[in-house]
Every structure is written in structure tokens, then in C-alpha cells.
Amino acid sequence: MRRSSELDSAPGWHTTADAEVAPGGLRALCSPTALTGGLTELAWLGAHVLMYPLGARMEQLRPYPGKRAGEQPPVARALFAVDPLAARTPVLLVHGLVDNRSVFAVMRRSLRRRGFAAVCSWNYSPLLADVARGAADLGKHIERICEQTGHDRVHVVGHSLGGLIARYHVQRQGGDRRIDTLVTLGTPHRGSLLAHIGPTPLIRQLRPGSPVLAELEEPAPGCRTRITALYSDLDQMVLPTRSGRCDHPDLRARNVLYRGVGHMSLPMHRGVLDEVAATLAGVCEPGTMTTPVAAVA
């Protein structure tokens, strides 16, 4: 497999921090990949601002659309045929700080078109002041989903803070009993230096070395949740960008680096959508070697 330093705008799979590439300063920021990613980020950010009011209302779970597998697009039919359980397992999307489910508008549609029959989002309170409290609320919501659908386990995709909330639930509150797969997008697993300028209790918990992040560094033996962390070298919110990696010896997480993709672009990026779908379908397993595939913006 090629080292991530040999990849241009392609995602790279690796399990150790040795694969991380040090930033190249102004020269790296002025590269065609970074400039294209920056412009794309601005475009997506503008679109998201327009969609934001539409995501304020909590989404109701609609587990099984009134379509049979044979009426779905070819990609969806393939998932139904290969693994019917993967197609029916509920997928819960959890947004980031000061956001709502509108950030997943593209991903929700993409997953449904690919055959995932039960995809929904969860809006937590914008006044949330504690990661542990948010994680407990997430656990209650997951219990309701399991009760409604009859499934014992769910998949979770978390963007930014949403990924950290889900990871805390998995490691510290027994959430691995319910969460089969957790995919994080631009999540500050080791904190972000930007959190030092935030005055609220929740943002202080995102500072590197905070008590909450120290809890997540503690042993987590026997964790049953498969974790994949997708992060970018152009993430403006997670600094340093390598903090988007999930490096914990007990979790065996896959870390996938994307080049030239901004923080808000991650849930809408075509390559990220492909990676998320493949991971939830069980195609990409922790501990297995995969070949990087070029990402298309």
C-alpha cells in the first residue's frame, strides 16, 4: 500500500500516526488541492446556511420505505442481495456543535439510495453543556430506535462533536452494546486548539488534555464497536488536523485521511460518502488492509 504522503487528494488507510504527514506551511495551503478544497468548502458552507432552518425540527424515524429491493437503484439492490441485515440495520446521523440534521441532507439521501432502509438524524440541544450528558441522551434515543425497529444494534455516523459524543457513549457508558459501527467525520478525538478561545463549558471540554478527553484515553477492553475515523488535512476546526485520528490501542480504529476537504464539506464529499457506505455495509473492516481509492470532490 502507498504511504499517505504519496497520495494527492486520495484517502489513505492507516492505523498508526506514522502515516500522518506534517503540514507544508504556506506552500501546502497554496496547492491546487487546498485551493479547490477551500472554494468547495465556501460553496458548501453557503448552501448549508440556507438549509439550516429546515433542519431545526426533529426527524421522525421511518424505518422501511414503501419500496421493495427490486425497485431500488442497482447499488441498493446489490446491498440487499449481499447482506440484507446491513441494509436493514438502522443508521443514526449525529451533527456537530451549533448545527442540526441539515448538515446530513446529502448523506441521508446517498445512504438511502445505496440501500440503507432506515436512516435518520438526531438533533441534540443547542444548549448542551456536557459531552457525557449528550452521550447519555444519545443512548436513550438509540434505545427508542431499537424498540421501534426491533433491531438490537445500530450504526452511528457522527460529524465533529457528534462523533465525540458517540465515542464517549461507546467507551464510557456501555454504548458498544448497541452501536455496531461508529464512523466519525472531522471529530476532534484529541481536542482542538481552537477550543481555547471558546468560553462555554462544552467547548472547554474540547481542549487538548481536558478531563473528558483524558477519560477517552483510559483503557476500553472488550469494546465491540467498530470505529472508523475520517479526517482531513484541510480541516479548519480540528487543529492540529491529526487530532481527527482515533488512536486508542483497545479500539483498533481505522483512520482515513482525506486531502483538501474542509470541515463542513466532509458530510457532503463524494469520496467520504463512498467510504461511509462501504464501512456501514461491512466492506471495510478494522484490521484489514485496503487500497486507497482516489477521492472525487
Side-chain angles (χ1 to χ4, degrees), residues 4 12-23 94-97 124 128-139 142 155-233 235-258 263 266 279 285-287:
S4 60
W13 180 90
H14 35 79
T15 57
T16 66
D18 296 337
E20 181 61 89
V21 181
V94 184
H95 63 79
L97 184 67
Y124 54 85
L128 179 69
D130 182 67
V131 169
R133 174 61 184 273
D137 291 343
L138 172 63
I142 290 175
H155 300 314
V156 174
V157 180
H159 179 232
S160 194
L161 175 62
L164 198 67
I165 289 174
R167 181 185 168 190
Y168 191 95
H169 181 58
V170 164
Q171 283 187 239
R172 308 297 298 173
Q173 299 175 342
D176 62 323
R177 181 176 65 91
R178 290 296 194 193
I179 299 179
D180 182 67
T181 304
L182 169 61
V183 181
T184 66
L185 314 175
T187 290
H189 288 284
R190 291 184 177 271
S192 174
L193 295 177
L194 283 181
H196 284 289
I197 65 176
T200 68
L202 178 61
I203 294 178
R204 287 198 293 267
Q205 291 183 343
L206 303 182
R207 295 173 180 175
S210 73
V212 166
L213 296 181
E215 281 190 72
L216 294 178
E217 292 299 315
E218 295 179 7
C223 181
R224 290 165 286 183
T225 299
R226 302 175 301 167
I227 297 179
T228 294
L230 278 57
Y231 69 111
S232 169
D233 64 347
D235 196 315
Q236 309 91 338
M237 304 304 295
V238 180
L239 299 175
T241 56
R242 63 178 177 273
S243 293
R245 296 173 52 86
C246 181
D247 293 311
H248 191 295
D250 293 333
L251 299 181
R252 297 178 60 247
R254 293 174 62 245
N255 290 290
V256 184
L257 170 64
Y258 280 83
H263 186 75
L266 281 167
T279 300
E285 293 282 350

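Scope of the values below: all heavy atoms of this structure, side chains included, with no hydrogens, waters or symmetry mates.
A donor-acceptor pair under 3.5 Å is formed between the side chain of Tyr124 and the backbone N or O of His95. Checking side-chain atoms of Thr225 against main-chain N and O of Ile179 turns up a donor-acceptor pair under 3.5 Å.
Every residue two or more places apart in sequence or in another chain was checked for a side-chain contact (heavy atoms from CB on, under 4.5 Å) with Pro199, and none qualifies. Among residues two or more places apart in sequence or in another chain, the side-chain contact (heavy atoms from CB on, under 4.5 Å) test is passed with Arg190 by Glu217, Ser243, Asp247. Residues meeting the side-chain hydrogen bond (donor to acceptor under 3.5 Å, both in side chains) test with Arg178, sequence neighbours left out: Glu143. Partners of Arg133 according to the salt bridge (charged side-chain N to carboxylate O under 4.0 Å, His left out) rule, which considers only residues two or more places apart in sequence or in another chain, are Asp137. For Asp176, the side-chain hydrogen bond (donor to acceptor under 3.5 Å, both in side chains) partners at least two apart in sequence or on another chain are Arg224. With sequence neighbours excluded, no residue forms a ring pair (Phe, Tyr, Trp, His ring centres under 6.0 Å) with His155. For Pro211, the side-chain contact (heavy atoms from CB on, under 4.5 Å) criterion is met by no residue, not counting sequence neighbours. Taking the side-chain hydrogen bond (donor to acceptor under 3.5 Å, both in side chains) definition, one finds that Asp130 meets it with Gln205, sequence neighbours left out. Looking at residues two or more places apart in sequence or on another chain, you find no salt bridge (charged side-chain N to carboxylate O under 4.0 Å, His left out) involving Arg207. For His169, there are no ring pair (Phe, Tyr, Trp, His ring centres under 6.0 Å) partners at least two apart in sequence or on another chain. With sequence neighbours left out, the side-chain hydrogen bond (donor to acceptor under 3.5 Å, both in side chains) criterion links His189 to Arg167, Thr184.
The NE2 atom of His263 sits 10.5 Å away from atom OG of Ser232, with the distance rounded to the nearest 0.5 Å.
Under the side-chain hydrogen bond (donor to acceptor under 3.5 Å, both in side chains) criterion, no residue pair touches residues 192-203, with sequence neighbours excluded.
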